[in-house]
Amino acid sequence: MPYGISYAGAESDYDSADVFMLGIPYDRTSSFRPGSGQAPFEVRKASYNFEEICFEHGLDLPQLNIFDQGNCESPFLPEDMIEEVKFFMAPAVKSGKFTIAIGGEHSVNIPIIRCFEKNDISLITIDAHLDSRDDYLGTIYSHACVTRRAAEQLGIDNVFALGVRSISREELEREDVVPHITSFDIKEKGMEWAVKKALDSVKNERIYLSLDIDGIDPAYAPGTGTPEPFGLDPMDVKNAIGLIGSRLAGFDVTEVCPPADPSGITSILAARFINEVIAVRSKYLS
């Protein structure tokens with residue numbers, strides 16, 4: 001693939017790959033700012049900004065083989081998006097590859113989680129919103145329903161949200177509230193405390209980490225579909241990735257909205273988090 005289409009360093013073929021990467025340019029259920037469908041291209045382009053190594057992890061990390069599938073199709077209906085994503089992701093998960101997805105809106109996480117067995121993973125999200133509605137604006141597959149769908153697949157005791165600061169009444173006034181920690185508590189007690197609490201809460205060992213970029217304060221990541229003040233800073237997220245460490249089973253970054261950020265700093269930040277995940281994955285395979 002030409003510059004700006006494939007992710008920097010993604011030079012492997014599928015069979016040899018340790019990491020399988022997929023762009024999912026879907027944003028049909030966006031409810032405030034549309035445009036996250038443009039993110040896979042912009043995040044890939046931003047990936048060429050960085051050095052090949054994250055030096056703070058050491059200079060002798062094994063170089064993982066990365067295969068970038070490119071983008072899947074972006075159909076209109078979320079049900080069709082789900083089948084499209086599963087078509088690409090399910091074989092990669094089944095073959096044991098570490099998967100990285102570039103959204104698109106957060107609803108793209110729903111089909112990815114369905115590619116895993118119930119007892120295989122737990123889901124930890126970093127998100128400004130709890131995203132645990134039963135349905136939103138006429139669909140159960142909205143970006144506002146991500147953790148609720150994950151709880152149906154994995155069990156609610158295998159779902160946890162970090163950095164939350166926007167929750168609806170309906171999400172709180174129910175018996176099965178999705179476990180979460182607010183950004184306010186993380187500011188007071190620290191990310192190490194929060195990640196430990198999340199890891200102690202979930203039952204399955206392997207952790208799929210889903211980063212909705214709006215979990216980060218809009219001062220650092222203005223290009224997102226539903227910005228929410230009083231968020232995490234980028235070092236919080238970097239630390240969370242390192243603290244999950246060897247338990248990482250897969251990763252996605254979603255809700256980057258390039259039209260809302262002409263400077264491109266949000267796409268640059270998203271690409272740097274992908275590099276961080278790859279470096280941590282390398283570290284624990286060495």
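The basis for the numbers below is simple: all heavy atoms, side chains too, and nothing from hydrogens, waters or symmetry mates.
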Closest heavy-atom pair and its distance - A279, L61
O-CD1, 3.7 Å
Nearest non-hydrogen partners of L248 and F98, listed with the distance:
O-CE1, 3.6 Å
Backbone of G215 reached by a side-chain donor or acceptor of R165 within 3.5 Å:
yes
Nearest atoms (heavy-atom pairs only) where S30 meets D27
OG-O, 3.1 Å
For S142 and C145, indicate whether the former's side chain and the latter's backbone hold a donor-acceptor pair under 3.5 Å.
no
With the 4.5 Å side-chain cut-off for hydrophobic clustering, are F87 and F116 part of the same group?
yes
Have a look at P179 and tell me which of V202, T147, I156 forms a side chain to side chain contact (heavy atoms under 4.5 Å, CB included) with it.
I156
Please confirm whether the backbone N or O of K197 pairs with a side-chain atom of S201, one donor and one acceptor, at under 3.5 Å?
no
Does a side-chain N-to-carboxylate-O contact under 4.0 Å join E56 and K238?
yes
May I ask whether I216 and I274 are part of the same hydrophobic cluster, defined by side-chain heavy atoms of I, L, V, M, F, W, Y residues being less than 4.5 angstrom apart, directly or through others?
yes
Which of parallel (below 30°), tilted (30 to 60°) and perpendicular (above 60°) describes F184 and F230?
tilted
Assess whether salt bridge (Lys or Arg N to Asp or Glu O under 4.0 Å) is satisfied between R206 and D120, documenting all intermediate values.
CA-CA 7 Å; R206 301 204 314 144; D120 188 13; 3.0 Å; yes
So, for V146 and H106, which heavy atoms are closest and what is the spacing to 0.1 Å?
CG2-O, 3.4 Å
Are the side chains of F273 and L269 in contact, using a 4.5 Å heavy-atom criterion?
yes
Please round to the nearest 0.5 Å and tell me the distance separating atom CZ of R28 and atom OG of S107.
11.5 Å
Separation between OG1 of T99 and CD1 of I112, rounded to the nearest 0.5 Å:
6.5 Å
Test your reading of the model: is there a side-chain donor-acceptor pair from T139 to the backbone of Y141, 3.5 Å cut-off?
yes
Quick check against the 3.5 Å criterion: does D135 have a side-chain atom that pairs as donor or acceptor with the backbone of G138?
no
Distance only, no hydrogens: is a donor on one side chain within 3.5 Å (strictly under) of an acceptor on the other, for E171 and S132?
yes
Whether the side chain of T125 engages the backbone of D127 through a donor-acceptor N/O pair (distance < 3.5 Å, no angle test) should be reported.
no
Determine yes or no for a side-chain-to-main-chain donor-acceptor pair under 3.5 angstrom, with N65 supplying the side chain and A17 the backbone.
no
Between N204 (side chain only) and I121 (backbone N and O only), is there a donor and an acceptor less than 3.5 Å apart?
yes
Crowded around E117 CD? As in, over 12 foreign heavy atoms under 6.0 Å?
no
side-chain hydrogen bond (donor to acceptor under 3.5 Å, both in side chains), that's the test. Do T254 and E105 meet it? Break it down for me.
CA-CA 5 Å; T254 66; E105 61 175 62; over 6 Å; no
I need the minimum non-hydrogen distance between R33 and P222, along with the two atoms involved.
NH1-O, 3.2 Å
Report yes if some heavy atom in the side chain of S210 is under 4.5 Å from a heavy atom in the side chain of I124; otherwise report no.
no
Examine the side chains of S122 and N158 and answer whether a donor and an acceptor come within less than 3.5 Å of each other.
yes
To the nearest 0.5 Å, what is the distance between CD on E170 and CG on D134?
7.0 Å
Is there side-chain contact between P258 and F41, with heavy atoms separated by less than 4.5 Å?
no
Can you find a side-chain donor-acceptor pair between S282 and Q63 that sits under 3.5 Å?
no
Determine yes or no for a side-chain-to-main-chain donor-acceptor pair under 3.5 angstrom, with T266 supplying the side chain and G223 the backbone.
yes
So F160 and I207, do their side chains get closer than 4.5 Å, heavy atoms only?
no
Under a single-linkage definition using a 4.5 Å side-chain heavy-atom cutoff for Ile, Leu, Val, Met, Phe, Trp and Tyr, are L211 and I265 assigned to the same hydrophobic cluster?
no
Determine which pairs satisfy side chain to side chain donor-acceptor pair (under 3.5 Å) with at least one residue from residues 219-235, sequence neighbours left out, and list them in order.
D214-T226
Per side chain to side chain contact (heavy atoms under 4.5 Å, CB included), Y26 is matched among S74, S36, P111 by S74
In terms of heavy-atom contacts, does CD of E11 have more than 12 from other residues, nucleotides or ligands at under 6.0 Å?
no
Please tell me if the side chains of Y14 and F20 come closer than 4.5 Å, counting only heavy atoms from C-beta onward.
yes
Cluster overlap F251 with V43, hydrophobic side-chain contacts below 4.5 Å:
yes
Can R148 and D176 be counted as an ion pair, charged N to O under 4.0 angstrom?
yes
Kindly indicate, with the supporting measurements, whether the criterion side-chain hydrogen bond (donor to acceptor under 3.5 Å, both in side chains) is fulfilled by R44 and N71.
CA-CA 11 Å; R44 286 187 177 102; N71 291 347; 2.7 Å; yes
Please give the remaining members of the hydrophobic cluster of I268, linking ILVMFWY side chains under 4.5 Å, ordered by chain and number.
F50
Nearest atoms (heavy-atom pairs only) where P259 meets G35
CD-O, 3.7 Å
Below 4.5 Å, heavy atoms only, C-beta onward: do L232 and I126 meet side chain to side chain?
yes
Does some side-chain heavy atom of R281 sit less than 4.5 Å from a side-chain heavy atom of D18?
no
Transitive ILVMFWY side-chain link M81 to M89, under 4.5 Å:
yes
Should D131 and R149 count as an ion pair when the cut-off is N to O under 4.0 Å?
no
Apart from L59 itself, what residues make up its hydrophobic cluster, given side-chain heavy atom links below 4.5 Å?
I53, F55
Check the pair K86 / C115 against side chain to side chain contact (heavy atoms under 4.5 Å, CB included), numbers first and verdict last.
CA-CA 7 Å; K86 287 168 64 178; C115 293; 4.0 Å; yes
Indicate yes or no for a side-chain donor-acceptor contact from S16 to the backbone of D13 under 3.5 Å, with no hydrogens or angles considered.
no
Tell me whether E192 at atom CD has more than 12 heavy atoms from other residues, nucleotides or ligands lying less than 6.0 Å away.
no
